[in-house]
Amino acid sequence: MFEPDGSIRPCYAEVQKWVERTGISGLNRRLDEAEAIFRRIGITFAVYGEGGDPERLIPFDLLPRIFTAQEWRVLDKGIRQRARALNAFLHDVYHRGEIVKAGIMPADIIYQNSAYLAEMADFSPPGKVYSHIVGIDIVRTGPGSFEVLEDNCRTPSGVSYMLENRDIMTRMFPELFAQGIVAPVDDYPAELLKSLKEVAPPACTGDPVVVVLTPGSLNSAYYEHSFLADLMGVELVEPADLFVDEGRVWMKTTLGPKVVDVIYRRIDDEYLDPLVFRPDSLLGVPGIFNVYRNGGVTLASAPGSGIADDKAVYIYVPEMIRFYLGEVPILDNIQTWQCSKPDECAYVLENLHDLVAKEVHGSGGYGMLIGPKSSKDEVEAYAARIRADPGKFIAQPTLDLSTVPTLGPASVVGRHADFRPYCLVGKQLRLVPGGLTRVALTEGSLVVNSSQGGGVKDTWVMQD
């Protein structure tokens with residue numbers, strides 16, 4: 001929010017005036033109103049493994065996170081570049097594996113990875129698009145300097161919060177949006193539907209029928225599934241609503257069976273088809289994978305695309321950009337040590353008290369160690385886990401992340417944040433100017449995940 005000399009950054013000038021005009025107590029009253037609206041419309045998420053009611057609100061912060069138009073131009077290009085490279089990588093590893101043959105990536109990271117699906121080998125989904133929604137987690141590490149924390153190529157969640165946060169802000173502070181200086185994000189559902197229709201399967205002859213496939217109302221992101229289906233104007237279906245016949249997937253309706261062309265699925269690979277993957281899955285649709293391979297339906301995202309989420313694979317994304325696109329990476333990776341490499345593992349174990357260590361398959365802020373915030377016993381216990389199976393871990397420096405203005409009980413305070421934009425991939429790339437800003441609400445904390453006590457805020461991209 002502030003320049004190094006203490007002056008307000010121009011993009012935050014209107015927000016600062018609004019804070020001064022409304023006062024901290026007035027803003028906290030507005031925050032209570034916003035949370036009442038969230039609760040009334042049911043925007044909750046579930047935390048598994050905890051006693052009592054798992055449904056809770058993600059804390060919402062009223063003060064927006066702002067990017068200038070110039071900053072967004074850099075981010076926009078970098079995000080699109082990364083989405084293209086990740087899809088090229090997925091096509092390559094399920095076909096010729098040129099990146100391995102070129103000696104750029106070791107084969108075991110890919111082919112011995114649990115997220116790699118041998119069943120996808122030699123199959124090309126429509127348009128060679130594997131990951132249709134790429135969520136890239138980005139942190140600011142200096143003025144105009146952004147680095148990528150991780151990639152989410154399967155089913156990145158949180159876009160409903162991006163849209164609802166904006167809706168709440170527009171409703172509560174119409175005067176701030178009346179000036180037209182903030183780029184809109186509300187066309188995301190229409191853009192998502194366009195992208196999904198563009199990857200219709202070869203068997204589709206008319207206007208593609210799109211559905212959102214949810215595991216059901218007990219899933220932690222069920223609100224988002226129903227929210228997106230509603231905004232796209234498509235059916236929300238559960239596995240029991242679908243069946244396979246005559247080489248197509250059909251949806252049961254009150255008017256009889258209706259063929260389905262594109263399924264935006266929010267079910268993990270292993271549960272998708274009990275005939276191919278887990279035979280005990282009650283969430284799958286028997287025979288759906290065979291229909292998919294034969295061009296009768298499109299699954300978005302493609303089974304097996306999770307290999308591109310892996311934190312050991314993440315290390316090589318800049319090389320992917322150079323290899324597949326012949327371009328210089330626009331967004332850098334954060335420096336990362338691979339514990340599978342003996343010399344890097346030795347460095348990590350020696351300096352674990354100063355580093356952030358993560359499981360390569362971990363997500364949601366679970367299974368990680370923040371060295372400077374951990375006790376000596378916790379560091380030693382984590383080191384023992386690394387020694388037992390080094391290949392399962394990576395480590396990164398404890399970054400000096402920028403902080404964003406956040407509403408405290410008595411003043412505006414600085415809290416660490418990250419940013420997840422959502423790049424849509426169909427016949428073309430689409431990116432709305434914004435995304436989800438997640439904020440660590442505890443002072444000094446670097447963990448922004450909602451499951452670990454983080455909150456969310458609206459993200460503004462300023463128009464020129």
Side-chain angles (χ1 to χ4, degrees), residues 1-4 6 8-9 11-12 15-16 19 27 31 45 57-68 71-72 75 79 135-152 156-158 161-162 165 311 314 331-336 352-358 362-374 378 394-421 434-461:
M1 187 171 182
F2 296 97
E3 301 283 10
I8 288 280
R9 289 179 63 214
C11 60
Y12 274 100
V15 171
Q16 176 68 358
V19 168
L27 289 172
L31 182 59
F45 76 106
L57 288 177
I58 291 185
F60 172 67
D61 184 67
L62 270 186
L63 301 183
R65 194 255 179 90
I66 298 178
F67 293 114
T68 65
E71 286 170 340
W72 182 252
L75 285 168
I79 294 159
I136 296 173
D137 293 349
I138 297 170
V139 290
R140 185 199 290 273
T141 52
S145 172
F146 300 97
E147 295 183 7
V148 175
L149 202 54
E150 63 182 50
D151 305 290
N152 300 278
S157 60
Y161 290 96
M162 172 185 86
N165 291 349
K311 292 179 178 64
Y314 151 89
L331 297 174
D332 287 330
N333 272 16
I334 288 163
Q335 182 181 10
T336 304
L352 194 54
H353 56 282
D354 289 328
L355 302 173
V356 176
K358 301 176 182 178
S363 64
Y366 293 106
M368 63 190 286
L369 175 95
I370 301 178
K373 306 277 184 188
S374 303
E378 287 169 335
I394 55 130
Q396 295 171 328
T398 309
L399 297 171
D400 183 20
L401 301 182
S402 71
T403 57
V404 292
T406 303
L407 184 61
S411 64
V412 175
V413 293
R415 293 290 181 263
H416 295 298
D418 79 355
F419 173 58
R420 177 181 291 177
L436 179 68
T437 289
R438 301 182 299 176
V439 57
L441 295 174
T442 306
E443 185 175 2
S445 173
L446 298 171
V447 182
V448 299
N449 303 83
S450 52
S451 54
Q452 308 285 301
V456 294
K457 54 168 69 219
D458 195 11
T459 307
W460 293 3
V461 173

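Everything numeric in this text was worked out from a predicted model, so none of it was measured. Quick note: numbers below take in every heavy atom, side chains included, and nothing from hydrogens, waters or symmetry partners.
Smallest separation of non-hydrogen atoms from Thr437 and Ala417: CG2-CB, 4.0 Å. Across Val15 and Trp460, no two heavy atoms sit closer than the pair CG2-CZ3, 3.8 Å. Contact between Leu355 and Pro397 at its shortest, heavy atoms only, is CD2-CA, 4.0 Å. Shown here for Phe60 and Asp458, the closest heavy-atom pair between the two residues is CE1-N, 4.3 Å. Between Gly135 and Pro156, the shortest heavy-atom distance links the atoms N-CG, 3.6 Å. Here the closest heavy-atom approach between residue Leu441 and residue Pro59 is recorded as CD1-CB, 3.3 Å.
Qualifying ring-ring contact (aromatic ring centres under 6.0 Å, His included) partners for Tyr314, counting only residues two or more places apart in sequence or in other chains: none. Residues forming a side-chain hydrogen bond (donor to acceptor under 3.5 Å, both in side chains) with Arg420 (at least two apart in sequence, or on another chain): Asp137. Glu71 pairs by the salt bridge (charged side-chain N to carboxylate O under 4.0 Å, His left out) definition with Arg9, Arg140, not counting sequence neighbours. Remark: Glu443 engages no residue in a side-chain hydrogen bond (donor to acceptor under 3.5 Å, both in side chains) (not counting sequence neighbours). Taking the side chain to side chain contact (heavy atoms under 4.5 Å, CB included) definition, one finds that Pro372 meets it with Ile370, Thr398, sequence neighbours left out. Partners of Tyr12 under the ring-ring contact (aromatic ring centres under 6.0 Å, His included) rule, at least two apart in sequence or in another chain, do not exist in this structure. Evaluation of the side-chain hydrogen bond (donor to acceptor under 3.5 Å, both in side chains) rule for Thr442 yields no partner, not counting sequence neighbours. Residues satisfying the side chain to side chain contact (heavy atoms under 4.5 Å, CB included) criterion with Leu331, sequence neighbours excluded, are Leu75, Ile79, Ile138, Phe146, Val148. Judged as a side chain to side chain contact (heavy atoms under 4.5 Å, CB included), and not counting sequence neighbours, the contacts of Val412 are Val19, Ile24, Leu63, Pro405. Evaluation of the side-chain hydrogen bond (donor to acceptor under 3.5 Å, both in side chains) rule for Ser374 yields no partner, not counting sequence neighbours. With sequence neighbours excluded, no residue forms a salt bridge (charged side-chain N to carboxylate O under 4.0 Å, His left out) with Arg65.
Within the 4.5 Å cutoff, the side chain of Arg415 has no heavy atoms near those of the Thr403 side chain. At a threshold of 4.5 Å between non-hydrogen side-chain atoms, the residues Ile8 and Met1 count as touching.
For the atom pair CG (Leu369) and NZ (Lys358), the distance works out to 12.0 Å, reported to the nearest 0.5 Å. In this structure, the separation between OG1 on Thr141 and CD on Glu147 is 4.0 Å, given to the nearest 0.5 Å. Taking CG of Leu31 as the reference point, atom CG of Leu62 lies at 5.0 Å (rounded to 0.5 Å). The CG atom of Asp151 lies 7.5 Å from the CG atom of Asn333; values are rounded to the nearest 0.5 Å.
Listed for the Arg438 side chain is no donor-acceptor partner under 3.5 Å among the backbone atoms of Asp418. Proximity of a side-chain donor or acceptor of Thr459 to a complementary backbone N or O of Gly435 within less than 3.5 Å is detected.
Below 30°, between 30° and 60°, or above 60°: for Trp72 and Phe419 the angle between ring planes is above 60°, a perpendicular geometry.
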Checking side-chain contact (heavy atoms from CB on, under 4.5 Å) for the pair Gln396/Leu149: CA distance, chi angles, key distance, verdict? CA-CA 10 Å; Gln396 295 171 328; Leu149 202 54; 4.1 Å; yes
